[in-house]
Amino acid sequence: MKNILFVTSEAVPFIKTGGLADVAGSLPKYFNKEFYDVRVILPKYECMKFKEHLEYISNFYMYHNGRDRYVGIFRTIYNGVTYYFIDNEEYFSGNSPYGDWFWDLEKFCFFCRAALSALPVIGFKPQIVHCHDWQTGLVPVLLKDSFKGGEFYWDMKSIMTIHNLKFQGVWSLPVIKQFTGLSDYYFTPDKIEAYGDGNLLKGGIVYADKITTVSSSYAEEIKTPFYGEKMDGLIRARENDLVGIVNGIDYTDFDPETDNRIPVTYNVENFRTNKKKNKTALQKELGLEVNDKKFMIGIVSRLTDQKGLDLIACVMEQLCWGDTQMVILGTGDSKYESMFRYYADKYPDKVSANIYYSEDLSHKIYAASDAFLMPSLFEPCGLSQLMSLRYGTVPIVRETGGLRDTVWPYNEYEQTGTGFSFANYNAHEMLGIVDYAKHIYFDKKRDWNMIAQRAMEVDFSWSSSARKYEQLYDSMLGY
Ligand code: ADP
Ligand code: GLC
């Protein structure tokens, strides 16, 4: 049996702010349980769901940032996967896992040290510790540092998975030194110093045995200055240990045939008649004009610059022209929240701006919309377009990162493709492709339906990507 531990700051169904939670909460389920015992450890947040299902295991005190601190350990088994939770009410209170940068740095440094320290207490000895994003970047460093000596840890290997290179966990050197408890030895530009600051993700990238990211295109892109977030040199230096493995989604949670969050379920045989019933139901629910002939564009997204929202802002007026409706669900930068609210106010029959977080509404949008717009500036993988494909909602995306790897552009002459895409980060190029999609929808309905059918038929479940992670684990363990 190969023991693997996922260390992560979020995982569905317990706590989610973005796609990382979907990945950390669904991928572990898809490993071959005969050979891989994959468990997950994350903080026990006050704001998480299912707290009442957790079972208390033990506690101990651990020195961190100037004093001994309480570390509680809880456990639960969900969908056959064991999840451990690190408890410390001082660090993990509040109504969101993240907030103040400075405080987040201290608390995730605590989490990394506590997660490793808890393992002998739990009695689980992973051969590979698989870390996700900057919040866990300290783990690979600790495994080569203070934890290396002990018999329990000496041969543990680590993987650093980059879900988003933009966020690195950076603060001044003295602060990062204090929070990590590492010696001066580590604070040089070849280790965890970057451009005069301390950088936790960099620590992970330098010290992990292998590095992965969540699509092959993003694995290439981050070797370049445009996408490399000032780490491209380091990524190039480690390119032999870097692999891009595209994300999947949980095909049981996201299944239009069984989804009890949507008004009318459907499948690839009957979507032509049943899918649009979800559209009229959503139009009614959101107060839009009820008419199943409208071209409904869905957006479910964090409202940040990453997601290409300035392109949408630039041509929002034109996007709304004709028989189009736009349904937005998301929270984030106030400039984008206000922009969507403004258009919802201006065109109440056409635009619905839902500026909050709702899993129920997200499923209804994936089911109801004809197209899904995701013109990201950069996109390590993206899960929303995979959810759209699964629901026969045709994605319109920019050709970057995982969007490029998972959406195949429609070719009118060969009748291939599962969506629409454009290359340059340019609002009018995006508008051109949206208008082209509308033309196919209104004037070539059969072709449109064939695109939707192909979208529903592609397979982005975890089955093939989980095998790739298994191969990576095997190669690291010498199998
Ligand atoms: P990222 O992780 O960069 O935000 P992804 O596409 O990988 O982007 O994952 C986003 C996930 O978060 C998807 O599951 C999407 O449905 C969900 N999501 C984003 N915003 C909301 C929201 N306001 N309400 C519900 N789900 C949301
Ligand atoms: C990040 C990325 C997104 C990716 C997700 C899960 O949040 O922004 O593209 O799908 O992580 O890997």
Side-chain angles (χ1 to χ4, degrees), residues 6 8-13 15-27 96-98 130-136 160-168 201 212-219 221-222 227 229 244-251 253-254 259 261-262 298-309 327-333 336-337 340 352-367 369 372-391 393 395 397-398 400-407 460 462 465 469:
F6 272 38
T8 177
S9 59
E10 40 183 288
V12 290
I15 182 87
K16 166 167 167 177
T17 72
L20 165 62
D22 291 296
V23 173
S26 59
L27 169 59
S96 160
Y98 321 116
H130 188 157
C131 309
H132 298 268
D133 272 356
W134 77 264
Q135 294 88 341
T136 59
M160 187 76 236
T161 292
I162 302 168
H163 294 264
N164 196 333
L165 192 57
K166 175 118 193 137
F167 305 107
Q168 301 180 356
L201 181 64
T212 78
T213 187
V214 286
S215 67
S216 330
S217 285
Y218 194 60
E221 287 170 346
I222 56 177
Y227 293 99
E229 305 289 347
I245 302 178
V246 74
N247 286 332
I249 54 169
D250 194 322
Y251 266 36
D253 289 352
F254 292 92
D259 192 336
R261 289 175 154 124
I262 64 175
I299 295 174
V300 179
S301 179
R302 289 186 291 115
L303 302 180
T304 66
D305 291 336
Q306 173 188 341
K307 302 293 174 180
L309 294 159
V327 177
I328 297 102
L329 172 64
T331 57
D333 295 355
Y336 297 127
E337 295 186 346
F340 285 127
S352 169
N354 305 278
I355 309 300
Y356 49 83
Y357 186 90
S358 163
E359 247 144 69
D360 283 348
L361 183 58
S362 74
H363 283 241
K364 289 180 192 169
I365 295 175
Y366 291 124
S369 307
F372 189 85
L373 184 56
M374 200 164 169
S376 305
L377 173 62
F378 69 93
E379 198 60 74
C381 179
L383 301 175
S384 298
Q385 83 281 10
L386 302 183
M387 293 161 187
S388 303
L389 289 167
R390 176 82 165 141
Y391 283 74
T393 298
V397 303
R398 190 170 93 83
T400 183
L403 297 175
R404 180 165 171 259
D405 294 354
T406 58
V407 177
F460 284 107
W462 275 111
S465 293
Y469 280 109

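In this text the structure is predicted, and so the values were computed from the model without any measurement. In each ligand, atom 1 is the first atom listed, and ligand 1 is the first ligand listed.
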Atom 24 (N) of ligand 1: closest protein heavy atom, distance to 0.1 Å, is Ser358 N, 3.1 Å
Would you check whether Thr331 has a nitrogen or oxygen atom less than 3.5 angstrom from a nitrogen or oxygen atom of ligand 1?
no
Please determine if Glu379 has a nitrogen or oxygen closer than 3.5 Å to a nitrogen or oxygen of ligand 2.
yes
Using a 4.0 Å cutoff against the non-hydrogen atoms of Gly330, which atoms of ligand 1 qualify?
23 (N)
Any atoms of ligand 1 less than 4.0 Å from a non-hydrogen atom of Asp22? List them with their elements.
11 (C), 13 (C), 14 (O)
Relative to atom 2 (C) of ligand 2, which among His163, Arg302, Lys307 owns the nearest non-hydrogen atom?
His163
Does the cation-pi check pass for Arg390 over Tyr251, that is, NZ or CZ under 6.0 Å from the six-membered ring centre and within 45° of its axis?
yes
Output the list of atoms in ligand 1 that are nearer than 4.0 Å to some heavy atom of Gly18, sorted by atom number.
2 (O)
N/O to N/O below 3.5 Å, does that happen between Gly19 and ligand 2?
no
Is the backbone of Glu229 close enough, under 3.5 Å, to the side chain of Gln168 for a donor and an acceptor to pair up by distance?
yes
Taking side chain as C-beta onward, heavy atoms only, is Leu377 less than 4.5 Å from Gln306?
no
For Ile222 and Thr213, which heavy atoms make the closest approach, and how far apart are they?
CD1-CG2, 4.4 Å
With respect to atom 3 (O) of ligand 1, which of Arg302, Met374, Lys166 exhibits the smallest heavy-atom separation?
Arg302
Checking the side chain of Thr393 only, and the main-chain atoms of Tyr366 only, is there a donor and an acceptor separated by less than 3.5 Å?
yes
Would you mind running through ligand 1 and noting each atom that sits below 4.0 Å from a heavy atom of Val300?
16 (O), 18 (N), 21 (C), 27 (C)
Ligand-residue contact atoms, ligand 2 with Val23, heavy atoms, under 4.0 Å:
6 (C), 12 (O)
Indicate yes or no for a side-chain donor-acceptor contact from Asp22 to the backbone of Ile249 under 3.5 Å, with no hydrogens or angles considered.
no
Do any N or O atoms from the side chain of Ser301 and from the backbone of Leu303 form a donor-acceptor pair under 3.5 angstrom?
no
Applying a heavy-atom cut-off of 4.0 Å, say which part of Asn164 lies close to ligand 1: side chain, backbone, both or neither.
neither
Can you tell which part of Tyr366 has a heavy atom less than 4.0 Å from ligand 1: side chain, backbone, both or neither?
side chain
Is it true that Lys16 lies under 4.0 Å from ligand 1, counting heavy atoms only?
yes
N/O separation below 3.5 Å, Leu383 to ligand 1:
yes
In terms of residue, atom name and distance, what is the protein heavy atom nearest to atom 22 (C) of ligand 1?
Tyr357 CD1, 3.4 Å
Per-residue contact class, Asp22 against ligand 2 - non-hydrogen pairs under 4.0 Å
neither
Among Lys307, Arg302, Lys166, the one residue meeting salt bridge (Lys or Arg N to Asp or Glu O under 4.0 Å) with Glu379:
Lys307
Need the ligand 2 atom indices (1-based, order shown) with element for anything under 4.0 Å from a heavy-atom of Asn164.
8 (O)
Numbered in order shown, the ligand 2 atoms found under 4.0 Å of a heavy atom of Gln306 are 8 (O)
Under 4.0 Å, counting heavy atoms only: does Lys307 come that close to any atom of ligand 1?
yes
Does any N/O atom on Tyr356 come nearer than 3.5 Å to any N/O atom on ligand 1?
yes
Does Cys381 approach ligand 1 within less than 4.0 angstrom via side chain, backbone, both or neither, non-hydrogen atoms only?
neither
Side-chain (Thr136) to main-chain (Asp133) donor-acceptor, under 3.5 angstrom
yes
Examine Gly19 against ligand 1 and note whether any of their N/O atoms are separated by less than 3.5 Å.
yes
Treating Asn354 as the side-chain partner and Val327 as the backbone partner, does any N or O pair qualify as donor plus acceptor under 3.5 Å?
no
Is Asn247 reaching over with its side chain to a backbone N or O of Val214, donor-acceptor style, under 3.5 angstrom?
no
Heteroatom proximity flag, Glu359 to ligand 1, N/O under 3.5 Å
no
Short N or O distance, Gly382 and ligand 2, threshold 3.5 Å exclusive
yes
When the ring planes of Phe254 and Tyr391 are compared, do they come out parallel, tilted or perpendicular, using 30° and 60° as the limits?
perpendicular
Quick one: look at Leu20 and ligand 2, take heavy-atom pairs under 4.0 Å, and tell me if it's side chain, backbone, both or neither.
backbone
Hey, which atoms in ligand 1 end up nearer than 4.0 Å to a heavy atom of Gly382?
6 (O), 7 (O)
